[in-house]
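In this chain, numbering begins with 1 at the start of the sequence shown. The shown structure was predicted, so the numbers you read here are calculated from the model rather than taken from an experiment.
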Amino acid sequence: MTTTPNIIVMNHPTREQLEKIYDILDECFSVGRAYFQERLDLDTTYDPDTTWFAMVDDKIASNVQIFPFHIRVGQAILKTGAMGSVGTDLNYRGLGLAHKILHAQTNYMKETDYDISLLLASKHAFYEKAGWRLIPETAFAIEKPASLEQQQSSDEIIPFEACYLDDIRFIYEQFNKNRTYTVIRSKTYWNDLLTWPEWKKVDCLLLRRNGKIVAYGIIEKKDTEQVFINELLYLNEAENGVEALFHALCQLRQNAKQILAMLPEDHKLYSYYQQHQANSIQINMAMWKMINLSSTFHKLQPELEDRLNRSNIIAGQELHIALRSNEDCIYLDYNQKQLSVSDASNHTNPYTSIEVDERELMTYIMFGYNEAGAAKDSTEDANILQALFPKQQAVFYLTDKF
């Protein structure tokens, strides 16, 4: 007779249990045990409550890690559970352990003020069953350019050193102020980042002008034909130096034939890529889950109010919207340029009911309302959604991979 295994899902491992989790991850991934151990050991904000694991008959058999992020949506900030380090002992696969952990983590995130969750994965069907939804993104690729002829200027391109950390942190903050999908990087985050495994897999160059660091770029350290620029950020005064910095980064990769980048349309390199016949490549990695619709929209309230006040579509209209997603509903009341967000309706108001599925809603929040939605929605609904969720110059930097 087959005995049903005793399965327990928990978090906050002891050091001994964490060592066993690292052993499982070492078996599951080619990057090796140290990659996962360093990521947590060298994170000064690491909270053991974010490490979840499944025990089968008192043996650790599976693990999923939550990496807490805060992501901008315009001026709003959403607490994000970035899911990673998913691994199951080969001897215990087929028991649904990872899904059990993900379910427990979803409840945990609801109870601890998380708004949304993000994971990067290639096994989409596996995570779709657990409630995450794939939202494709676009990368651009061009042939690696030849070296740029040096121009007479006061610009210097120099390698990154730790003494320049505050300079690139300042550039990051200036460039990404109110830019949707970007991660809030505190000073502690930056200091820790320089010790994490991902930083060891990149090169960073700086653009210095008259003694001031005005731009920086980060490129993958890969000896492959396709290489990603992880980020290239600059102060407004350095726009005319961006191409030179880009060329210098490209020359670090002698064997590369294509240089890829994720670029919002307002980036200086976007027009450069278009001029050089860039190919669009769909990236199917980012999967999203709404954790708490109510807390998300309460945090978005100032941003949404500002959008409605600036919208030519709404033009001072009074709005009462019941926005439904799956079984959840949030009520938005907009009158005299003020927006209120509530979990319950005001029965004196005539509400326009708008229903969106979770994938659509997460797409609208991160990237803005799109033409695909307009094709199926009524004109009134489309106008409201366009006003609430205008197109965003959104980007997630590969430096923040987890």
Side-chain angles (χ1 to χ4, degrees), residues 5 7-14 17-43 45-56 59-69 71 79-110 112 114-137 183 196-198 201 283-291 358-359 362 396 398-402:
I7 300 173
I8 301 174
V9 173
M10 62 181 73
N11 64 341
H12 205 108
T14 65
Q17 289 171 326
L18 194 55
E19 294 293 333
K20 292 180 179 177
I21 288 169
Y22 293 146
D23 288 340
I24 291 173
L25 294 171
D26 184 40
E27 293 175 0
C28 294
F29 297 96
S30 61
V31 290
R33 187 182 201 277
Y35 179 89
F36 299 97
Q37 183 167 348
E38 288 179 9
R39 179 59 179 85
L40 298 188
D41 287 354
L42 300 176
D43 183 349
T45 63
Y46 168 61
D47 179 356
D49 280 356
T50 59
T51 299
W52 286 75
F53 56 102
M55 305 275 290
V56 179
K59 292 184 179 180
I60 295 178
S62 187
N63 166 79
V64 184
Q65 179 69 40
I66 301 173
F67 297 98
F69 281 167
I71 286 178
K79 186 176 180 181
T80 305
M83 318 303 289
S85 302
V86 182
T88 299
D89 187 316
L90 290 171
N91 298 311
Y92 296 99
R93 293 186 179 176
L95 297 176
L97 300 180
H99 279 176
K100 287 178 170 43
I101 297 172
L102 290 166
H103 177 74
Q105 288 175 315
T106 297
N107 291 334
Y108 164 81
M109 288 189 285
K110 287 179 180 177
T112 49
Y114 285 81
D115 305 299
I116 56 178
S117 179
L118 168 67
L119 60 83
L120 306 176
S122 56
K123 296 180 179 178
H124 307 138
F126 178 85
Y127 293 104
E128 288 267 358
K129 291 177 182 176
W132 277 262
R133 301 289 176 253
L134 175 67
I135 299 178
E137 299 178 35
V183 173
W196 291 346
E198 285 297 326
K201 295 158 63 177
I283 306 296
N284 295 319
M285 288 291 290
M287 302 187 72
W288 295 88
K289 186 175 187 177
M290 177 64 68
I291 299 298
E358 192 168 335
R359 192 191 316 269
M362 291 305 307
F396 179 82
L398 298 178
T399 303
D400 295 310
K401 284 187 299 186
F402 42 88

Is there a side-chain contact between [X] and [Y] (heavy atoms, below 4.5 Å)?
| X | Y | value |
| --- | --- | --- |
| M109 | K79 | no |
| V31 | P197 | no |
| M290 | I116 | yes |
| I291 | D115 | no |
| L18 | F53 | no |
| T51 | Y46 | yes |

Donor-acceptor contact below 3.5 Å, side chain [X] vs main chain [Y]:
| X | Y | result |
| --- | --- | --- |
| R359 | L134 | yes |
| W52 | D49 | yes |
| S117 | T80 | no |
| K20 | K59 | no |
| K289 | A130 | yes |
| N63 | S85 | yes |

query = Hey, is NE2 on H103 packed in by over 12 heavy atoms from elsewhere, all under 6.0 Å?
reply = no

As an exercise, state the distance from [atom1] of [X] to [atom2] of [Y], rounded to the nearest 0.5 Å.
| X | Y | atom1 | atom2 | answer |
| --- | --- | --- | --- | --- |
| L102 | L97 | CG | CG | 11.0 Å |
| H124 | K129 | NE2 | NZ | 14.5 Å |
| D47 | H12 | CG | NE2 | 7.5 Å |
| M83 | T106 | CE | OG1 | 6.5 Å |
| L120 | D400 | CG | CG | 10.5 Å |
| L40 | Q65 | CG | CD | 5.0 Å |

Considering all heavy atoms, the nearest [X]-[Y] contact:
| X | Y | result |
| --- | --- | --- |
| P48 | P13 | O-CD, 3.6 Å |
| F29 | V86 | CZ-O, 3.2 Å |
| V9 | A104 | CG1-CB, 3.8 Å |
| F126 | H99 | O-NE2, 2.8 Å |
| I24 | S62 | CD1-N, 4.1 Å |
| E198 | K401 | OE1-CE, 3.4 Å |

request  = Would you mind telling me which of D26, D41, D23 makes a salt bridge (Lys or Arg N to Asp or Glu O under 4.0 Å) with R33?
outcome  = D23

request  = Just say parallel, tilted or perpendicular for the rings of F396 and F402, cut-offs at 30° and 60°.
outcome  = perpendicular

message = Below 30° counts as parallel, above 60° as perpendicular, anything between as tilted: where do the rings of Y127 and W132 land?
response = perpendicular

ask   = Think R133 forms a cation-pi with W288, using NZ or CZ under 6.0 Å from the six-ring centre and within 45 degrees of its axis?
value = no

Test log, rule side chain to side chain contact (heavy atoms under 4.5 Å, CB included), inputs I66 and Y114 = CA-CA 11 Å; I66 301 173; Y114 285 81; 4.0 Å; yes

